[in-house]
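In the text below, chain A, chain B and the rest are named by the order of the sequence lines, each starting its count at 1. Everything quoted here is computed from the prediction, not taken from an experiment.
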Protein chains: 2
Amino acid sequence: MSDLESISVAVSPREKFREYLSTQNKRLTRERDIVVEEVFATHEHFDPEQLVAVMTARTDGRRVSRSTVYRTLKELERAGLLRKVARANDRDVFEHDYGYPQHDHLICSECGSLTEFPADDVSKVVTRVAEANGFRHTGHRLEVHGVCNQCCRSPRRRHPKLDMI
Amino acid sequence: MSDLESISVAVSPREKFREYLSTQNKRLTRERDIVVEEVFATHEHFDPEQLVAVMTARTDGRRVSRSTVYRTLKELERAGLLRKVARANDRDVFEHDYGYPQHDHLICSECGSLTEFPADDVSKVVTRVAEANGFRHTGHRLEVHGVCNQCCRSPRRRHPKLDMI
DNA sequence: CTTCGTGCAAAACCTTTGCATTAAA
DNA sequence: TTTAATGCAAAGGTTTTGCACGAAG
C-alpha cells in the first residue's frame, strides 16, 4: 500500500455526497452542489427556512428554489451528512453529521439554548444496546431537557421567543 | 405519621392531572377528563391524529373536538403525564411519561418500528453530564437510529408507509 | 434520447386561533 | 357571577407534489 493510501484522508462533504448520490443513480447537480457548499460553509445549527431565505435571495445566478432546498436537505440526511437535532419554532433544526465531533445537547426549556457535550459515553451505551438487539445503528440523538445554569438563577421567563439557535 | 401516610400510594394519572391543573388555576373539565381516560386506557404510542379520530367519532355524548384534543395534549405534556418520543410521518408521537418505567427507543429507518429499551444506563450518563454543566435536568430523550434486526435480513423496502406505531 | 432534476404554484398537512357559546368554580 | 374552556371554521406555517421545462449522461 502506498503512502497516500495509508493516510486516512478526510473526504469533503461534497465528495461524500457525490459518492452517495452515485450509489443511488442520482446526480450531483449544480443546485445540489450549491446547497452543500452553503450548508457546510457557514451554518452550524440551522432550519430549512433560514437556508431557503439565503438560497432564494441570490441574484448571482446561484439561486436555488425552495423545493430543491427541501429536496436536497432530505438527500443530505440520507447521505449521512446532516441530521436533525431538534425542533424549534415548529421547524426541524439541522446540523452537520460529518466532519464534526459527535455530540449531544442540553436543551434549556426556559431560554431555548442548546449546549453541546461530547457523545462518547452515550455512544458506548448505544453501541452496546444496539448490539444486544441485533440493531444496525447508524447514529443517535440525545436531548437532555431541563433548565440551564443561567436560567436556574435568573427570575423565571416563560417561553422567550427564540429565532436563532 | 399514620400507616396510610407511610405507604407511597400511586396516584392515578387523572389525579395527577387534576393536581397540576389546580396549580395553574385551570379546570378539570369533562372533556379533559375524557381525554385522560382514553389516553391512559388504551394507547401506548400514539399520535394526535389517531387520538382525534377516536375522540371525534364518538356518538355517546363523549365526543371531544379536535381543538380540545390538541389543547389537552399540551396540558398533559406540561403536567408531566405525556412526552413526545419521536416524530413519525411528520407527526409527534406521544407516550406515557407517568407510571411507566423510563426507557428509550431504537428507531428503524426501514420499517419505522420503535423498540424500547431501559433507560438506566443512559440516565446515569445524563445525570453526570447535567451536573457537570450546572444543568437542572428534568428528563431526556434518546433516539437510536438504524435498521432493525428484521429489516437487516429482508430485501430492501424503501419507505414503507407506517400507519400505526 | 431517456432519465432525472428543477422551479413554480398549488396542494397537503398538521397545528393553532378568533370568536361566540357553554360550563366550571 | 366570573373566568376559563369548548367547538367550529378559518387561518397559519411548514413541507410536499404535479407538471412542464431543462439538463445530464
Starting at atom [atom1] of [X], determine the distance to atom [atom2] of [N], rounded to an integer number of angstrom.
{"X": "D92(B)", "N": "dC13(C)", "atom1": "CG", "atom2": "P", "result": "17 Å"}
{"X": "R66(B)", "N": "dT16(C)", "atom1": "CZ", "atom2": "P", "result": "12 Å"}
{"X": "R32(A)", "N": "dG25(D)", "atom1": "CZ", "atom2": "P", "result": "11 Å"}
{"X": "E49(B)", "N": "dC13(C)", "atom1": "CD", "atom2": "P", "result": "10 Å"}
{"X": "L73(A)", "N": "dT14(D)", "atom1": "CG", "atom2": "P", "result": "14 Å"}
{"X": "D33(A)", "N": "dA23(D)", "atom1": "CG", "atom2": "C1'", "result": "15 Å"}
{"X": "R91(A)", "N": "dT15(C)", "atom1": "CZ", "atom2": "P", "result": "16 Å"}
{"X": "Q24(A)", "N": "dT3(C)", "atom1": "CD", "atom2": "C1'", "result": "16 Å"}

Problem set entry | Closest non-hydrogen atom pair between F135(A) and C148(B), with its separation | CD1-CA, 3.5 Å
Problem set entry | Nearest heavy-atom neighbours spanning S22(A) and E19(A) | OG-O, 2.8 Å
Shortest side-chain distance from [X], nucleotide among [options]:
{"X": "Y70(A)", "options": "dT16(C), dC8(D), dT16(D)", "value": "dT16(D)"}
{"X": "R71(A)", "options": "dA9(D), dT6(C), dT15(D)", "value": "dT6(C)"}
{"X": "K74(B)", "options": "dT16(C), dT15(C), dT14(D)", "value": "dT16(C)"}

Exercise. Are any non-hydrogen side-chain atoms of D33(B) and F17(B) less than 4.5 angstrom apart?
Worked result: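 No, too far: nothing below the 4.5 Å cut-off.
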Under 3.5 Å, which protein N or O atoms sit close to an N or O of nucleotides 23-25 of chain C? Give each pair with its distance.
residue : atom : partner : partner atom : Å
dA24(C) : N3   : R27(B)  : NH1          : 3.2

For this session: Among R32(A), R58(A), R62(A), find the one that has a salt bridge (Lys or Arg N to Asp or Glu O under 4.0 Å) with E38(A).
Result: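 Checked R32(A), R58(A), R62(A) against E38(A); only one passes salt bridge (Lys or Arg N to Asp or Glu O under 4.0 Å): R58(A).
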Problem set entry | Between H105(A) and E143(A): side-chain donor-acceptor atoms closer than 3.5 Å | no
Exercise. R63(B) or N25(B): which one's nearest nucleotide on DNA chain D is closer to the 5' end?
Worked result: N25(B)
Exercise. Would you call E75(A) and R78(A) a salt bridge, taking side-chain N to carboxylate O under 4.0 Å as the test?
Worked result: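 The answer is yes: the pair qualifies as a salt bridge.
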Exercise. Taking 4.0 angstrom as the limit, do R18(B) and E15(B) come out as a salt bridge?
Worked result: yes
Problem set entry | Quiz item: S67(B) side-chain donor-acceptor pair to dT15(C) base, under 3.5 Å | no
